[in-house]
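Okay, structure first, notes after.
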Amino acid sequence: MIKQAIIPLAGLGTRLLPLTSIFPKELLPINGVPGIEYIIDECIEAGIKEIIFIISKKKNLIKKYFYQDKIYKDFLAKKKNPRVNNHYKKILKNRKMIKFVYQNKPLGTGDAVLKAYKFIKDKYFLMLLPDDLIFKENCSKAMIKIHKKFNSSVMASMSVDKDSVSRWGIYKFKKKLSKTDYLISDVVEKPNKKNAPSNKAVIGRYILPKSIFSKLLALKPGKSGEIHITDAIRLLINQNEKFIAHNFSGKYLDCGTMSGYIKSNLEISKL
Ligand code: G1P
């Protein structure tokens with residue numbers, strides 16, 4: 001059973017400047033709802049019971065968002081507004097399952113995951129990158145099914161334009177297991193077009209084994225001085241840990257870049 005999820009939220013969000021100079025990107029609205037709420041909904045629907053938020057002092061607004069009781073209580077005491085009331089109830093319910101852990105230096109996704117080390121109880125856990133929103137299919141739920149079927153680690157994937165491979169983790173597969181699932185033989189973080197092993201990209205949903213922590217501990221900073229989760233996954237694959245890529249069927253929205261964020265707001269209103 002996969003019961004815990006880690007969400008790295010300490011990144012600076014520089015690709016979304018100036019919007020993120022003060023405001024955490026995960027609280028930016030997507031169709032009137034902070035992006036992070038879609039990610040929480042996905043986790044809950046997939047059966048997750050505890051979510052570990054990796055934040056930083058700079059991103060304390062995320063914690064405040066869930067503990068902003070006074071403004072709701074004062075407002076709801078004066079006005080009965082069902083929309084606000086229901087949303088407040090949802091926030092109260094969701095915060096019970098969130099644990100806040102701090103990563104005060106933005107040293108990458110791998111370093112963020114490492115901060116949750118002592119809280120992970122089971123052999124596998126889910127990790128979601130909040131820049132990546134997936135609609136119309138609960139990608140985490142689908143991946144948990146695959147994990148159960150193959151007793152393996154799983155990553156979400158999608159084919160991307162060859163010219164954009166340097167934006168993603170790119171993997172190579174050794175076997176096609178089904179119409180949507182591939183057994184991975186290697187993965188590289190943001191390769192250049194010349195060295196990319198394929199045009200199959202890793203998207204921000206991962207089912208990872210607890211054994212990844214020892215790999216993360218041993219890693220030296222990679223590209224841009226960060227510890228990348230992709231590099232630790234690569235080490236595990238080299239030691240024959242089974243990693244499956246799941247080509248999800250949902251609609252992908254990239255909210256981590258300015259053009260992607262603007263496009264996401266337009267696209268979601270059409271869904
Ligand atoms: C991260 C991962 C990358 C993955 C991407 C998906 O990159 O490091 O491997 O393909 O998310 O969105 P980032 O978006 O943090 O640059």
Side-chain angles (χ1 to χ4, degrees), residues 5-17 19-20 24-26 28 30 35-36 38-39 42 54-56 59 103 105-115 126-135 139-140 143 153-173 182 184 186-193 195-208 212 215-216 219 221-237 243-248 250-261 263-264:
I6 299 178
I7 308 182
L9 296 157
L12 298 174
T14 48
R15 290 184 295 213
L16 280 166
L17 280 169
L19 296 182
T20 45
K25 63 178 171 183
E26 299 80 6
L28 290 174
I30 312 279
I36 188 65
Y38 295 108
I39 301 277
E42 179 179 329
I54 315 293
I55 60 168
S56 63
K59 308 268 304 259
Q103 178 200 25
K105 285 187 196 146
L107 292 177
T109 309
D111 181 68
V113 169
L114 207 43
K115 300 285 183 239
L126 175 68
M127 197 264 283
L128 305 94
L129 300 182
D131 284 358
D132 294 338
L133 296 186
I134 300 168
F135 290 94
C139 183
S140 297
M143 286 169 60
S153 299
V154 188
M155 298 195 270
S157 101
M158 126 186 139
S159 296
V160 295
D161 192 285
K162 282 197 175 74
D163 288 326
S164 76
V165 287
S166 62
R167 153 80 182 87
W168 315 94
I170 298 288
Y171 71 89
K172 187 168 137 189
F173 69 90
Y182 300 84
I184 300 175
D186 197 10
V187 63
V188 193
E189 181 66 11
K190 302 190 172 72
N192 58 38
K193 197 176 163 185
N195 301 331
S198 74
N199 67 332
K200 294 190 172 302
V202 175
I203 301 301
R205 303 288 182 276
Y206 306 73
I207 292 178
L208 297 169
I212 197 145
K215 300 291 171 229
L216 286 169
L219 270 181
K223 271 196 183 119
S224 345
E226 293 180 10
I227 306 243
H228 294 286
I229 198 74
T230 312
D231 294 339
I233 292 172
R234 189 173 207 204
L235 292 175
L236 284 175
I237 292 172
F243 266 85
I244 291 176
H246 170 61
N247 254 5
F248 58 89
K251 170 85 183 152
Y252 170 67
L253 300 180
D254 173 13
C255 301
T257 63
M258 188 56 96
S259 58
Y261 175 68
K263 208 170 139 208
S264 297

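As a basis for the values below, the full set of heavy atoms in this structure was taken, side chains included, without hydrogen atoms, waters or symmetry mates. Owing to the predicted nature of the structure, the values given are computational and were not obtained by experimental measurement. Every number for a ligand or one of its atoms is a count from 1 in the order of the listing. Residues take their numbers from the sequence shown, with the count starting at 1.
- For ligand 1, the atoms sitting less than 4.0 Å from at least one non-hydrogen atom of Leu129 are 1 (C), 11 (O), numbered in the order shown with element in parentheses.
- The shortest separation from a heavy atom of His228 to ligand 1 is not under 4.0 Å, leaving the residue out of contact.
- Listed by atom number, the atoms of ligand 1 under 4.0 Å from Asp132 heavy atoms are 6 (C), 12 (O).
- Those atoms of ligand 1 that come under 4.0 Å of a heavy atom in Lys190, given as number and element, are 7 (O), 8 (O), 13 (P), 16 (O).
- Between atom 5 (C) of ligand 1 and the options Ile229, Val202, Ile203, the minimum heavy-atom separation is to Val202.
- Using a non-hydrogen distance threshold of 4.0 Å, Met158 does not register as a contact of ligand 1.
- Looking at Met155, Glu189, Arg167, it is Glu189 that brings a heavy atom closest to atom 9 (O) of ligand 1.
- Using a cutoff of 4.0 Å between basic side-chain nitrogens and carboxylate oxygens, Arg234 and Glu189 are not scored as salt-bridged.
- Taking the six-membered ring for Trp, Phe243 and Tyr171 have ring centres at least 6.0 Å apart.
- Between Asp131 and Arg15 there is a salt bridge, since a side-chain N of the basic residue sits under 4.0 Å from a carboxylate O of the acidic one.
- Listed by number with element, the atoms of ligand 1 under 4.0 angstrom from any heavy atom of Thr230 are 9 (O).
- Ion pairing of Lys193 with Asp163 is present here, as a side-chain N (NZ or NE/NH1/NH2) and a carboxylate O approach within less than 4.0 Å.
- Ion pairing between a basic and an acidic side chain is recognised when a charged N comes within 4.0 Å of a carboxylate O; Lys105 and Asp111 show no such pairing.
- Look at Thr109 and you'll find every heavy atom at least 4.0 Å from all atoms of ligand 1.
- Counting non-hydrogen atoms of neighbouring residues, nucleotides and ligands closer than 6.0 angstrom, the NZ atom of Lys190 exceeds 12 such neighbours.
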